[in-house]
Amino acid sequence: MPTPYTFSQRAEKITSSTIREILKVTERPEIISFAGGLPAPVGFPLRDMNAAFDRVLGQNGRTALQYGPTEGYTPLREWVAGDMQRRGAGPVGTDEVLIVSGSQQALDLLGKLFIDPGSNVLVEAPSYLGALQSFSLYEPNYVTVPTDEGGLIPAGLTDERVRDARFIYALPNFQNPTGRTLSLERRQALALRCAEAGVPIVEDDPYGDLRYAGQALPSLLALGRQAGATVVRLGSFSKVLAPGLRLGYIVAPAPIISKLVQIKQATDLHTSTLTQMAVYETIKDGFLDQHLPAVREIYRKQCGYMLEAVQAHFPSTASWTQPEGGMFIWVTLPPHIDAHELLARAVAQNVAFVPGAPFFANEARHNTLRLSFVTVPEARIREGIAILGRLIAESPAAASAAAPIKLEAAESVPGAIVAGAENLTAANRSQTL
C-alpha cells in the first residue's frame, strides 16, 4: 500500500549513523563499550553549572528565557574572540564569531554555505564520520588527501586535488578517529599551500584543550592568518564542560559569519540564550584554567590503561596510534581481518567498538577500528581489550577469510549495525548518505 507522503530525494539518501546504531547495543549493562566518543561524566562541573544557571535565572531570568540575536550572546562572543587572541590568532572581532548549537550544527551550516551538488570537498582519510554525514546531505564530490602516521600530508595537495575545491576539512589535534596530531611543520605547510591555492581551511578542534602529553601547537586559525589563508575554526564546549549543553562556535572572516547568520536564522533562529548565558557565567573568570587540568588527568590515565592493555594483549601483527590527547586510539589489523566481522564476534563476547570503514569518504579500509577509552573503568578496559586481543589472534587466516560469517542478529549484534556500516561506506563513495 503506498504511503500518503513522499520524502525528498535528499531524505531518501540519508542512513543512520553507524556509531549511533552501535550505541543501541552498548546500552546493555554487560557490554564493555569502546564505541561512543562520550566525554567522561566524572569531569562534568555539576556544582559550578548549577550555580551558574541559578545566578542567570535569578538575576537575568527574563532575558535568559527570551529570544536572542542569531549571532549569539554578545559577552560570550567577546569571550571567544578574546580566547582566540590569547591563542595567537591576532585581532579577532566579535563580528567574526557565531555561537551555534554544538559544532555539529556548524558543520551543517558550512555545508549549506559552501557545497553545491558535485562540489569538490577535500577530506582526510579517515575523517570524522559526523562531518562526512553532514556534508554528504549536500552531495559533494569528496577528494581524499593522502595521510600517514603523522596525519594529513600537505604535499598531497596537488594542483589536481585542489582545483575547484570549496574547502579542506581538517582536525589537527587528536583527530577523530585516529587520535593523531598534525605537526607544526605540516600545519605551516598546510596553511601556506591553502593560501597559495585559495582553498579555505575548515579547522575542527573539539579536542584541542584535552592535551595530556607533548607541547601545545599553534592553531590553523593562527597560522592561516599569518600565511594569508582563509580559515574557518570550529570550537565546542562539549568536551571542556558538557555535551548536553549543545554549545559551540564558529570563528571566521566577517563576510562568512554574516552569511552563516542568515542561514542559521532559517535553521533555528538562535542558540539557547539561557545556555549561552550560563556558560558565560561559568567561564568568564578563568574557570577553565582551574577545571581542565583535572579533566586532562582523567583522560591521561584512561588512555594509559588502554595503551598498556593493547600492548599486552594485541598480536604483533596489529598496530595502533598513541595519542597525546583526546579520546581515541586507532587500530590497524592485518589485511585479512574485517573489523565488521570482528565486531559481531566481539559483541557476542560483550565488547563493542566502531569499525573503521565508515570513516573513509572514498576507499574504505576494512581492517581498521576505533577505540574510545574515556568512559570505561580501568578493570573493564583491561578485560575488554584482552577479549579483543584474543579474538584478533583467532581471526581466520587470509586463505579462509573469503567466506563471510553470517550474523545471528538476535543473539549477537543487530544486523543493521554491520550492514549499515557497509552501506554507509558505499554511500560515501557515491557522495550520498
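Numbering starts at 1 and runs along the sequence shown.
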Apply the test side-chain contact (heavy atoms from CB on, under 4.5 Å) to residues Leu260 and Ile256: give CA-CA distance (whole Å), side-chain angles for both, the deciding distance (0.1 Å), then the verdict. CA-CA 6 Å; Leu260 287 169; Ile256 292 178; 3.8 Å; yes

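- Under the side chain to side chain donor-acceptor pair (under 3.5 Å) criterion, Arg87 pairs with Asp83, Asp209, sequence neighbours left out.
- Counting only distance, with no hydrogens or angles, the side chain of Ser395 and the backbone of Ile392 share a donor-acceptor pair below 3.5 Å.
- With contacts defined as side-chain heavy-atom distances shorter than 4.5 Å, the pair Asn176/Arg370 qualifies.
- Looking at residues two or more places apart in sequence or on another chain, you find a side chain to side chain donor-acceptor pair (under 3.5 Å) between Asp159 and Arg193.
- Taken from CZ in Arg296 to CZ in Arg211, the straight-line distance is 10.0 Å, to the nearest 0.5 Å.
- Side-chain contact between Leu333 and Thr368 is absent, with no heavy-atom pair separated by less than 4.5 Å.
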Under the criterion side-chain contact (heavy atoms from CB on, under 4.5 Å), I'd like the reasoning laid out for Trp330 against Trp320: C-alpha separation, chi angles, the key distance, then a yes or no. CA-CA 5 Å; Trp330 182 250; Trp320 52 89; over 6 Å; no

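- A side-chain donor-acceptor contact under 3.5 Å links Ser183 to the backbone of Arg186.
- Going from atom OG1 of Thr181 over to atom OH of Tyr207 covers 12.5 Å, rounded to the nearest 0.5 Å.
- The line from CG of Leu110 to OH of Tyr138 is 10.0 Å long, rounded to the nearest 0.5 Å.
- The CG atom of Leu269 sits 10.5 Å away from atom OG1 of Thr273, with the distance rounded to the nearest 0.5 Å.
- The shortest heavy-atom contact between Met49 and Val279 is CE-CG2, 4.4 Å.
- Using the six-membered ring where Trp is involved, Phe167 and Phe114 have ring planes that are tilted, between 30° and 60° apart.
- Counting all heavy atoms, side chain and backbone alike, Ile201 lies closest to Ala191 at CD1-CA, 4.1 Å.
- Using a cut-off of 4.0 Å between Lys/Arg side-chain N and Asp/Glu carboxylate O, Glu308 and Arg382 are scored as salt-bridged.
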Worked verdict on Phe360 versus Ser127 for side-chain contact (heavy atoms from CB on, under 4.5 Å): CA-CA 6 Å; Phe360 292 86; Ser127 187; over 6 Å; no

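- Put simply, CG on Leu388 and CZ on Phe34 are 6.5 Å apart, with the number rounded to the nearest 0.5 Å.
- The aromatic rings of Tyr169 and Phe135 stand perpendicular to each other, their planes meeting at an angle above 60°, with 30° marking the opposite boundary.
- No more than 12 heavy-atom neighbours from other residues, nucleotides or ligands sit within 6.0 angstrom of NZ on Lys259.
- Classification of Arg166 and Asp116 as a salt-bridged pair holds, one side-chain N sitting under 4.0 Å from a carboxylate O.
- Taking the six-membered ring for Trp and thresholds of 30 and 60 degrees, Tyr67 and His270 have ring planes more than 60 degrees apart, a perpendicular arrangement.
- Residue Ile385 comes nearest to His313 through the heavy atom pair O-CB, 4.0 Å, listed as atom of the first residue, atom of the second, then distance.
- Among residues at least two apart or in separate chains, salt bridge (charged side-chain N to carboxylate O under 4.0 Å, His left out) pairs with a member in residues 54-73 are Arg55-Glu281.
- Between Leu57 and Leu65 there is a side-chain heavy-atom pair separated by less than 4.5 Å.
- In this structure, the separation between CG on Leu234 and CG on Asp205 is 9.0 Å, given to the nearest 0.5 Å.
- Minimum heavy-atom separation, Gly37 to Ser372: CA-OG, 4.0 Å.
- In this structure, His291 contributes its side chain and Gly43 its backbone to a donor-acceptor pair below 3.5 Å.
- A salt bridge does not link Glu203 to Arg225: none of the charged nitrogens lies less than 4.0 Å from a carboxylate oxygen.
- Val121 is listed as a side-chain neighbour of Val123, based on a closest heavy-atom distance under 4.5 Å.
- Judged purely by distance below 3.5 Å, without hydrogens or angles, the side chains of Asp268 and Gln105 pair a donor atom with an acceptor atom.
- Glu124 and Ala170 make their closest contact through OE1-CA, 3.4 Å (heavy atoms, listed as atom of the first residue, atom of the second, distance).
- Among all heavy-atom pairs drawn from Leu241 and Pro45, the shortest one is O-CD, 3.5 Å.
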Apply side-chain contact (heavy atoms from CB on, under 4.5 Å) to the pair Val143 and Ile168, showing each step before the final yes or no. CA-CA 9 Å; Val143 178; Ile168 180 170; over 6 Å; no

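- For the 3.5 Å distance criterion, the side chains of Gln133 and Tyr128 fail to qualify, holding no donor opposite an acceptor.
- Residues Gln322 and Leu307 have side chains in contact (heavy-atom distance under 4.5 Å, counting atoms from C-beta outward).
- Using modelled atom types, one finds a donor on one side chain and an acceptor on the other under 3.5 Å when comparing Tyr142 with Ser136.
- At a cut-off of 3.5 Å, with distance as the only test, a side-chain donor of Thr271 or Ser101 sits close to an acceptor on the other residue.
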